[in-house]
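Reviewing the structure listed below.
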Amino acid sequence: MAQYQAGNAHAFEAIYRATVKTVAGYVSRWGGRATDDLVQEVYLEVIRARRTYRPEMPFRPWFFAIATHVAMNAARRKRRKQDRESAIEEAPLERIAAPRSPDLLGLRLAEALGRLPKDQQDVVWLSRVGGLTAGEIGPVVGASVGAVKVRLHRAEAKLREWLA
Amino acid sequence: MTTLPPGLREALVRESAPVRPQLPAAARTAVLVAVACAAVLAHLTIEGLRSNAAELGSMPMWAPVALRVLAATALLVLAFRSAIPGMWSSRPLRTTALIGAPALLVLLAEYLERASGVATIVHGAYGCYPRELMVALPAGLVLAGLLARSYTLHPVFVAVTGTLGVGLLADTALHLTCPATNASHTVFVHGAAVATLAVAGAAVGYWSGRKSPRRL
């Protein structure tokens, strides 16, 4: 990222190649037919926000905070559009629908994830799909490391119970 | 999918000029505190030290100044850190900041009244309100400028925390110059200026979040 800030466009391409599959899996949580557009929007925002990254900071929390924000905003815009158009009941299911990368999660797991409280969903997605550690997840979701670990533990206990 | 899509490639070509990373939160706080202190000194030069400074004594005069500056610095560091993606602080810390700032003002007001022994009431003292806002203006503008260059994912919290910090620094000026020692004046007139700044910050943060969800 520091190299991209210094003007090396190839460095950004390297970031893209290294992260795009993870980002695609991660933003698929918020679903929608336009997941590829959403992935592109994430990277566009990374480009716009590049001044805010400092080399001494860990990269992943910074990156996933932007990805989360972009995806949540897109989901909110979509929900508002659906509310305005009085969408049929089939639409809400898309919010917790299976991810576009079925090799990542089965439909049953995705449904179980959708039943978790939102704060537990956040940490599970960031941990298991984004690959972030508890220390990296904390500053993304606004929780201490201990709170993140507790949420993860509770979420995994529930998932094990539901999927048993 | 590992090659850049055309739209992204165009954006990369447009935005490939080198950029300097923004200053760390501590550096931006230092800049803002320096501007605020200059405004406080200017106000002190114009208005003069409060007439009952000698009667109050050193501790009631200067301890509140130190506490306000320390608290304001902490709030500004928190605001600038929170303005960076991936640096979102925990809920207990955020709650402490938002409740602690007004609580500190009330506690300091009570302390000053008790320390003075006799509550000095100044008639027609509502002029303190616009004066405190004027003292806060330079730092407020610098705060807005610094945050406008950020990529803020939580604009309301950042704006409120930042303006509370600016407000506390401006409140220092009025503590140094206003001779009133009754707690009700300090809380409801000086404190009202701080509250006005926080509300204005919240409004600007909310509006900027609606217009552009990521920037203040």
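Residue numbers start from 1 in every chain, and the chains themselves are labelled A, B, ... in the order their sequence lines are given, proteins ahead of strands.
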- Task: Can you tell me which residue pairs pass the side-chain hydrogen bond (donor to acceptor under 3.5 Å, both in side chains) test with a partner in residues 14-31 of chain B, sequence neighbours excluded?
- Result: Arg50(A)-Glu15(B), Arg28(B)-Ser150(B)
- Message: Measuring from atom NE2 of His69(A) to atom OH of Tyr151(B), what distance do you get when rounded to the nearest 0.5 angstrom?
- Response: 7.0 Å
- Task: For Thr52(A) and Thr152(B), run side chain to side chain contact (heavy atoms under 4.5 Å, CB included): C-alpha distance rounded to whole Å, both residues' side-chain angles, the deciding distance at 0.1 Å, then the answer.
- Result: CA-CA 9 Å; Thr52(A) 66; Thr152(B) 309; over 6 Å; no
- Task: Name the member of Gly142(A), Ala2(A), Ala143(A), Pro58(A) that forms the most heavy-atom pairs with chain B at distances under 4.5 Å.
- Result: Gly142(A)
- Task: Quick one: which of Ile47(A), Val141(A), Val140(A), Thr68(A) has the most heavy-atom pairs under 4.5 Å with chain B, could you say?
- Result: Ile47(A)
- Which distance, rounded to the nearest 0.5 Å, do you find between the CD1 of Ile84(B) and the CH2 of Trp62(A)? 11.0 Å
- Query: Would you say Met134(B) has more than 12 foreign heavy atoms packed within less than 6.0 Å of its CE?
  - Reply: no
- Message: So for Leu44(A), is it side chain, backbone, both, or neither that comes closer than 4.5 Å to the heavy atoms of chain B?
- Response: both
- If you look at every heavy atom in Ser90(B) and Ser144(A), which pair is closest and at what distance? CB-N, 4.0 Å
- At what distance, to the nearest 0.5 angstrom, does CG of Leu153(B) lie from CD1 of Ile66(A)? 6.5 Å
- Item | Close contacts, residues 150-159 of chain A versus chain B, judged by heavy atoms under 4.5 Å | none
- Query: Nearest 0.5 Å, what's the CG-CZ distance between Asp119(A) and Arg91(B)?
  - Reply: 8.0 Å
- Query: Leu4(B) versus Tyr16(A): any side-chain heavy-atom pair under 4.5 Å?
  - Reply: yes
- Message: Please classify the contact of Ala9(A) with chain B as side chain, backbone, both or neither, using a heavy-atom distance under 4.5 Å.
- Response: both
- Tell me, do Val19(B) and Tyr53(A) make a side-chain contact under 4.5 Å, heavy atoms counted? no
- Message: Is Leu23(B) in contact with chain A via its backbone, its side chain, both, or neither, using a 4.5 Å heavy-atom distance?
- Response: backbone
- Query: Is any side-chain heavy atom of Pro21(B) less than 4.5 Å from a side-chain heavy atom of Gln5(A)?
  - Reply: yes
- Query: Are any non-hydrogen side-chain atoms of Tyr4(A) and Leu12(B) less than 4.5 angstrom apart?
  - Reply: yes
- chain A contact via Arg81(B) - which portion, at a heavy-atom distance below 4.5 Å: neither
- Query: Any idea which heavy atoms bring Pro85(B) and Ala65(A) closest together, and the distance?
  - Reply: C-CB, 3.9 Å
- Message: To check you understand the geometry: which heavy-atom pair defines the closest contact between Pro5(B) and Gln40(A), and what is its length?
- Response: CB-OE1, 3.0 Å
- Query: Counting heavy-atom pairs under 4.5 Å to chain A, which of Ala83(B), Pro24(B), Ser89(B), Ser82(B) comes out on top?
  - Reply: Pro24(B)
